[in-house]
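In the text below, chain A, chain B and the rest are named by the order of the sequence lines, each starting its count at 1. These numbers come from a predicted model, not from an experiment.
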Amino acid sequence: MASGVKPRVKVPKTAAAGEAITIKTLISHNMESGQRKDKEGNVIPRSIINRFTCEFNGELVIDVTMEPAISTNPYFQFDATVPEAGEFVFTWYDDDGSVYDTKKPIEIA
Amino acid sequence: MEFSRRETLALGLGAAVLTLMPFRANAAAEDAIAAFTGGADMADGGVTLTAPEIAENGNTVPIEVSAPGAAAILIVAAGNPEPGVATFNFGPLAAAQAASTRIRLAGTQDVIAVAKMADGSFAKASATVKVTIGGCGG
């Protein structure tokens, strides 16, 4: 499913240096598990996002390997440290080779 | 009601298959964990797995894992057709070795979290989730 994929990320606009912030991410995706069957009894082929990463200024925050047991519209919530002003880069990797990404800048208050 | 020899044999075979099924599912889950730990021993404690006791809808079960000092956390659902759920790898900028997500569960089963600590040891936690409607489309 390469169409209609829309990443949504919630990151505070500002943070104190060294502060831990909570990040929430959601991406719209069917996450077809490869277990379901259609009306004719044929297996619907698997089509999921298999990896999600979050980096800040090139340094890794979290790297998630996903299996078909992750729900439709994968949601993740995690904490990140903000050492300086910069940019969060969120990347999702689809089974079909598509890569979806979104960026969020953050400033030091 | 009388059973012929053939029927009795078929019944016995069916019962044997039924008892073997959960065992097979657990073996797949154990394989997934062994692939992650390399067969190392797992300590209890050090990992917190938060999952609802009863999930009405197996399609989206909210779970949360937390393991202070972990480098990676593996989530396994022992009763799913494919036991693997997700692996969280934490980088240097992760403020806490914790994450929440939503997972699919095919039925009532144990969800297991295995954390790989920074020193190379492993810790494990599990939670039983009762599922009213399965999440694998069967």
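The backbone N or O of B/Ala86 lies less than 3.5 Å from no partner atom in the side chain of A/Thr65, so there is not a single donor-acceptor pair. Using a distance-only test at 3.5 Å, with no hydrogens or angles considered, a donor-acceptor pair links the side chain of B/Arg104 to the main chain of A/Pro68. In this structure, B/Thr60 contributes its side chain and A/Ser71 its backbone to no donor-acceptor pair below 3.5 Å.
The distance from atom CD1 of B/Ile103 to atom CE of A/Met66, rounded to the nearest 0.5 Å, is 12.0 Å. Between atom CG of residue B/Asn89 and atom OG1 of residue A/Thr53 there is a gap of 11.0 Å, rounded to the nearest 0.5 Å. Between B/Phe90 atom CZ and A/Phe78 atom CZ the span is 9.5 Å, to the nearest 0.5 Å. Expressed to the nearest 0.5 Å, how far OG1 of B/Thr101 lies from CZ of A/Phe52 amounts to 10.0 Å. One finds the CD atom of A/Glu67 at 6.5 Å from the OG1 atom of B/Thr87 (value rounded to the nearest 0.5 Å).
Criterion: ILVMFWY side-chain heavy atoms under 4.5 Å apart, direct or through other members. Under it, B/Val131 and B/Val76 are not part of a common hydrophobic cluster. Two different hydrophobic clusters hold B/Phe36 and B/Ile73 under the rule that ILVMFWY side chains link at heavy-atom gaps under 4.5 Å. Follow the hydrophobic side-chain contacts under 4.5 Å out from A/Tyr93 and you never reach B/Phe88; the two are in separate clusters. Residues B/Phe122 and B/Val111 fall into different hydrophobic clusters, defined by Ile, Leu, Val, Met, Phe, Trp and Tyr side chains chained together at heavy-atom separations under 4.5 Å. Placement of A/Ile21 and A/Val61 within a single hydrophobic cluster is found when ILVMFWY residues are connected by side-chain heavy-atom separations under 4.5 Å, directly or transitively.
For a residue to count as touching a neighbouring chain, one of its non-hydrogen atoms must lie under 4.5 Å from one of that chain's; by this rule B/Ala77 does not touch chain A. Looking at A/Thr72, both its backbone and its side chain come within 4.5 Å of chain B, counting heavy atoms on both sides. Interface remark: A/Ile48 contributes no atoms to any contact with chain B (heavy atom separation under 4.5 Å). Looking at A/Pro83, the atoms closer than 4.5 Å to chain B (heavy atoms on both sides) all sit in the side chain, from C-beta outward.
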**Request:** Check step by step if side chain to side chain donor-acceptor pair (under 3.5 Å) holds for A/Gln77 and B/Glu64.
**Result:** CA-CA 9 Å; A/Gln77 181 188 327; B/Glu64 189 180 343; over 6 Å; no
**Message:** Under the criterion side chain to side chain contact (heavy atoms under 4.5 Å, CB included), I'd like the reasoning laid out for B/Arg102 against A/Leu26: C-alpha separation, chi angles, the key distance, then a yes or no.
**Reply:** CA-CA 11 Å; B/Arg102 297 171 189 153; A/Leu26 185 77; 4.2 Å; yes
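Within 6.0 Å of atom CD in A/Glu107, 12 or fewer heavy atoms from other residues, nucleotides or ligands are found, so the atom counts as exposed in its surroundings. For B/Asp119, the CG atom counts as densely surrounded, since its 6.0 Å shell holds more than 12 non-hydrogen atoms of other residues, nucleotides or ligands.
The shortest distance between side-chain heavy atoms of B/Gln97 and A/Ile62 does not fall below 4.5 Å.
Nearest heavy-atom pair across A/Ala69 and B/Val85 is CB-CG2, 3.8 Å.
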